[in-house]
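The structure appears below as structure tokens.
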Amino acid sequence: MSLFFKTPLDIEVRLDGDDSREHVEVKNAKGRKEKLPLYKDGETVRGQVTVRIKDNKRVEHTGVKVQLLGSIEIQNDGLQSDDFLSLAHELASPGDLTHPETFQFEFRNVEKQYESYRGANVRLRYYIKVTVSRKSADVIREKELWVHQHQGAVEESAPPPPSSVKMDVGIEDCLHIEFEYSRNRYSLKDVIVGRIYFLLVRLKIKHMELSLIRRETCGAPPHQLSDSEVLIRFEIMDGAPVRGETIPIRLFLGGFDLTPTYKDVNKKFSTRTFLSLVLIDEDARRYFKQSEIILYRE
Amino acid sequence: MPNPFQSFESRDRHQTFDEIYGEPENFLEIAVINPITHGTGSGMYTDYEIVCKTNIPAFKKKSSRVRRRYSDFDSFRKTLELEVRRVVIPKLPEKSFLTTNKFNDQFIEDRRIGLEKFLTVVAGHPLIQTGSKSLLSFVQDDRWDKRKFE
């Protein structure tokens, strides 16, 4: 749409059940929060499109259609967009619009394989797109949906949860710790329970913190893009530990905005979460140990 | 799901009294003190005392006092850069020029502070503590001989 010419039409899209539907607050590109309606896999998307004409003119068009699209957008020296879902309905055949018109639309039992995602270089979005085609410029209106996927906590055939994850790390003759936590797979509402046990401390440690880092990778080498973001940072110990000391870890995941682990979505991007333990000594040197944890939405 | 409020104290590890209240294993105190200017005329130079108290086994002596001058620090730093390549060695306080008054109190004090900072960071570094013979020699040997490490 040209910036210099006002569009002769106003398009409004309303989704059914908007009042009773759960909404999700998502941060948009400008940092503002917007509320988007939440849909599940297999759920029908239905609503109305209302087209209004400005200035009482008569507007000629070559067709009105509504689409439900799911696309993955990668910001890599320009925007690459790929649709993995594309459904369309025709709302009106070519003709004239002289007064406001409302069209109903319904996309039945739509399969939504992936979760909506907004990341540093990648976005996965589902949206309704209404197009009034004209010989001059098309008039377009989009309305975004948000999709969550839920996984059962434990599948029937899965093996019993493994015993805790235990790691022995350190620097020869200087620092030796045992880093243990309950398991390597957590739901977004879980609690990470664990402990740090100090076996040898010949360094002057000032404090210790635990972070959750989200790493997003998209594209394939040689054009692979990677982004790391610290989602949570927690100081779990202030002061110098000695041999034999145990520091507990209790990290309640429910209070934070975390993303489940996505492996190779549509062969385009992955999102992984890492638990990162950092020790800082009196001369501001940092020692760290990172390990991946799998997050899922229950 | 394990109880998030479980206590970790009662597990099989118990700390001994000595572990809790005794001297920690990371005891290391290094100070650069007591500058003394020796000699007269063109042979004048200032040296500083390095006092070290520690229980870290890498250091052979539990306590030591030695005297070193700036040029000793300089050659030690060069040796260290070659010896421990993985680590970025901090800088020494600035060298003096022909026009600097090297024997003025403020200059000596600023230098002393800079040398102490340098040595504290270097001696406290785990990779240098365990990986450098020159550190142990520089801090604790009666004489510093740079030729031993060339």
Side-chain angles (χ1 to χ4, degrees), chain A residues 153-154 161 163-166 170-178 180-183 185-187 189-206 236-237 239-255 279-287 298, chain B residues 1-31 52-60 62 80 84 86-91 114 116-133 135-136:
Chain A
V154 177
S163 52
S164 59
V165 179
K166 211 171 188 181
I171 300 173
E172 188 86 34
D173 294 333
C174 292
L175 178 68
H176 194 192
I177 64 171
E178 230 177 54
E180 185 179 351
Y181 51 95
S182 38
R183 53 185 181 283
R185 195 168 174 270
Y186 293 97
S187 94
K189 298 213 164 62
D190 251 329
V191 187
I192 300 180
V193 176
R195 76 200 223 303
I196 313 287
Y197 178 73
F198 288 90
L199 290 151
L200 176 68
V201 189
R202 290 218 181 104
L203 298 174
K204 291 185 185 160
I205 294 174
K206 197 151 163 232
I236 57 173
M237 176 187 82
V242 290
R243 178 191 287 264
E245 200 121 34
T246 303
I247 302 294
I249 296 172
R250 301 175 218 278
L251 191 52
F252 290 80
L253 299 175
L279 289 98
I280 295 122
D281 74 13
E282 291 212 344
D283 295 322
R285 282 176 286 256
R286 304 168 74 90
Y287 308 84
E298 213 167 279
Chain B
M1 172 159 66
N3 174 14
F5 301 101
Q6 75 186 67
S7 158
F8 293 91
E9 311 310 322
S10 51
R11 295 192 49 160
D12 39 297
R13 325 272 187 148
H14 290 291
Q15 270 182 306
T16 65
F17 179 91
D18 209 49
E19 277 172 348
I20 304 173
Y21 298 107
E23 188 180 79
E25 290 172 309
N26 59 8
F27 178 61
L28 171 64
E29 274 176 15
I30 296 219
C52 173
K53 292 200 182 75
T54 182
N55 65 2
I56 294 177
F59 289 90
K60 294 200 179 63
K62 279 201 176 330
L80 202 56
V84 192
R86 285 203 287 163
V87 180
V88 175
I89 315 286
K91 290 199 165 18
E116 190 173 78
K117 272 204 187 106
F118 166 81
L119 206 51
T120 310
V121 169
V122 163
H125 196 296
L127 296 179
I128 298 178
Q129 255 175 37
T130 52
S132 165
K133 292 198 174 63
L135 170 74
L136 311 173

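Keep in mind that this is a model prediction, so the values were computed, not measured. Numbers restart at 1 for each chain; the letters A, B, ... are given by sequence-line order, proteins then strands.
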**Study point:** Worked verdict on E282(A) versus K206(A) for salt bridge (Lys or Arg N to Asp or Glu O under 4.0 Å)
**Key:** CA-CA 5 Å; E282(A) 291 212 344; K206(A) 197 151 163 232; over 6 Å; no
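Contacts of R243(A) with chain B are made by both backbone and side-chain atoms, with heavy-atom separations under 4.5 Å. In this structure, chain B has no heavy atom under 4.5 Å from any part of Y186(A). When heavy atoms are compared at a cutoff of 4.5 Å, I171(A) approaches chain B solely by way of its side chain, counted from C-beta outward. For chain A, the nearby part of L127(B) is the side chain; its heavy atoms alone come within less than 4.5 Å.
The local environment of NZ in K53(B) is sparse, with at most 12 non-hydrogen atoms from other residues, nucleotides or ligands closer than 6.0 Å.
In this structure, L80(B) and S132(B) have side chains that are in contact, with non-hydrogen atoms separated by less than 4.5 Å. Side chains of V84(B) and H125(B) form no contact here, defined as non-hydrogen atoms less than 4.5 Å apart.
At least one donor-acceptor pair under 3.5 Å links the side chain of R285(A) to the backbone N or O of V121(B).
When the candidates L175(A), I192(A), V242(A) are compared by the number of heavy-atom contacts under 4.5 Å with chain B, V242(A) comes out ahead.
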